[in-house]
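Reviewing the structure listed below.
Please read all numbers here as calculations on a predicted model, not as lab measurements. Note that the numbering runs from 1 along the sequence shown for the chain.
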Amino acid sequence: MAPCDDWGMRAVSAPELRRADGSPVRVLVVDDESTLAELMSMALRMEKWEVRTALDGTSAVRVAREFRPDVVVLDVMLPDFDGLEVLRRLRSEVPALPVLFLTAKDAVEDRIAGLTAGGDDYVTKPFSLEEVVLRLRGLLRRTGVSEATAGTELVVGDLVLDEDTREVRRGGTSVELTATEFELLRFLMRNPKRVLSKAQILDRVWSYDFGGQANIVELYISYLRKKIDVGRAPMIHTMRGAGYVLKPAP
């Protein structure tokens, strides 16, 4: 795989992120280019994060089990099995583990495949290391790994979301969500009965345009519906041509 062409390591002016218990954030970097993996590790250590690396899928799974990372940077193309299989194996043990995919510059199908498989975000090569840091900070905030702030319990009908513990329940039954699914549901629940456009959701949940791939919103809405609405009166509704709205079930 061709190495990244942009090795920018400009400092990101942002507050330090740490785990809720005060310990350093843990990041696993998986890329078969050892030089690139080491450069990313250097940039992440500048954030005072603890970093481990793996050069193939087998090592990635083994290191993840030992290291218990808070977030994973994962190349799609690996020498033994691909990043999608790594993601499947990691998520089978830690369902909500956030993952940032690295993909080839023009491999749109890789990006969509990665997100369809449950990846939370992606960057395309070549990329700046600063961009990777910023994307990871966003994922960590969504996941609630960083120091906890005063939480709030959001309630819409029989759906309850605790922003502090990051627990979700519907009708008293626990619902397990990934980091991105949680952030999307939180945005919907903070705006009950309000129609939210795809552009608004992209801006709030992903914090960028996502290269115009607005269908990622449809994809994650479908994920939420399978976990929130299946077997129950629906709460998430599509307003054709306008967006989506969450409201109490009748």
Pairing residues for [X] by the side chain to side chain donor-acceptor pair (under 3.5 Å) criterion, not counting sequence neighbours:
X     : value
Ser59 : Asp56
Asp82 : none
Arg88 : Glu85

What's the shortest heavy-atom distance between [X] and [Y], and which atoms?
X      : Y      : answer
Leu90  : Val61  : CD2-CA, 4.2 Å
Met235 : Ala249 : CG-N, 4.1 Å
Val71  : Leu97  : N-CD1, 4.2 Å
Gly57  : Val86  : CA-CG2, 3.6 Å
Ile236 : Asp229 : N-OD2, 3.1 Å
Ala37  : Thr53  : O-CG2, 4.1 Å

By salt bridge (Lys or Arg N to Asp or Glu O under 4.0 Å), which residues pair with [X], not counting sequence neighbours?
X      : value
Arg194 : none
Glu38  : Arg45
Asp80  : none
Glu93  : Arg65

State the [atom1]-[atom2] distance between [X] and [Y], to the nearest 0.5 angstrom.
X      : Y      : atom1 : atom2 : answer
Leu139 : Leu134 : CG    : CG    : 11.5 Å
Leu140 : Trp49  : CG    : CH2   : 5.0 Å
Leu129 : Leu44  : CG    : CG    : 8.0 Å
Leu161 : Arg190 : CG    : CZ    : 8.5 Å
Ile221 : Asn215 : CD1   : CG    : 13.0 Å
Phe187 : Gln200 : CZ    : CD    : 6.0 Å

Going by the rule side-chain contact (heavy atoms from CB on, under 4.5 Å), which residues pair with [X] if we only count those two or more places apart in sequence or in a different chain?
X      : value
Arg169 : Glu153, Val160, Glu167
Val175 : Val168, Arg170, Leu177, Lys227, Ile228
Ala199 : Ser197
Glu176 : Pro95

Taking [Y] as the starting point, is it possible to reach [X] by hopping between hydrophobic residues whose side chains are less than 4.5 Å apart?
X      : Y      : result
Met77  : Leu55  : no
Leu188 : Val155 : no
Leu154 : Val205 : yes
Val245 : Leu224 : no
Val133 : Met42  : yes

Flag the pair [X] / [Y] as yes when at least one side-chain heavy-atom distance between them is below 4.5 Å, and no otherwise.
X      : Y      : answer
Val73  : Val30  : no
Leu100 : Leu74  : no
Leu102 : Val76  : no
Phe101 : Leu87  : yes
Val27  : Pro69  : no
Leu136 : Asp121 : no
Thr178 : Phe182 : no

Give a yes or no on whether the backbone of Arg26 and the side-chain of Asp70 come within a donor-acceptor separation of less than 3.5 Å.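 Flag set: sc Asp70 to bb Arg26 pair under 3.5 Å.
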
Looking at Glu183 and Thr180, would you say the former's side chain and the latter's main chain have a donor-acceptor pair under 3.5 Å?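 A pair under 3.5 Å: no.
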
Is the Lys NZ or Arg CZ of Arg62 less than 6.0 Å from the centre of Phe67's six-membered ring, within 45° of the axis? no

Taking NZ, NE, NH1 and NH2 as the nitrogens, is one of them in Glu50 or Arg52 under 4.0 Å from a carboxylate oxygen of the other? yes

Residue pairs meeting side chain to side chain donor-acceptor pair (under 3.5 Å), one or both in residues 231-249, sequence neighbours left out, come to Arg225-Thr238

